[in-house]
Amino acid sequence: MSGDNMFLDPQYLVLHIAIVLIALSLIATLIHELRKPKKDPNEDPDTKRMNDMLKD
């Protein structure tokens with residue numbers, strides 16, 4: 001097993017590329033979601049309806 005390095009084996013190249021692409025897309029999605037401005041919960045019609053019911 002001394003010469004077998006899974007990370008440098010060309011047989012696993014596609015696997016490693018896929019793992020890197022998945023990781024990058026997850027990180028990019030996370031950054032995108034965190035940078036998005038928070039939606040005001042009062043704009044939701046269901047929330048407005050609940051608030052109106054609670055006021056009565």
Side-chain angles (χ1 to χ4, degrees):
M1 281 273 197
S2 61
D4 296 336
N5 190 348
M6 183 179 148
F7 296 109
L8 299 177
D9 193 348
Q11 179 182 356
Y12 297 108
L13 182 66
V14 174
L15 176 67
H16 294 309
I17 291 173
I19 291 171
V20 168
L21 286 176
I22 291 168
L24 288 175
S25 65
L26 287 173
I27 292 169
T29 304
L30 180 66
I31 292 172
H32 176 71
E33 290 296 324
L34 288 176
R35 291 177 52 107
K36 202 187 314 183
K38 295 224 183 302
K39 195 175 82 168
D40 186 8
N42 293 324
E43 292 177 6
D44 188 17
D46 291 333
T47 308
K48 283 183 181 175
R49 193 177 316 118
M50 286 298 289
N51 286 339
D52 291 341
M53 287 172 58
L54 290 172
K55 285 178 188 172
D56 294 341

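In this structure, Tyr12 is a member of the same hydrophobic cluster as Ile19, with clusters built from ILVMFWY side-chain heavy atoms closer than 4.5 Å.
The distance from the CD1 atom of Ile27 to the CD1 atom of Ile22 is 12.0 Å, given to the nearest 0.5 Å.
Put simply, the residue from Leu15, Val14, Leu13, Val20 that forms a side-chain contact (heavy atoms from CB on, under 4.5 Å) with Ile17 is Leu13.
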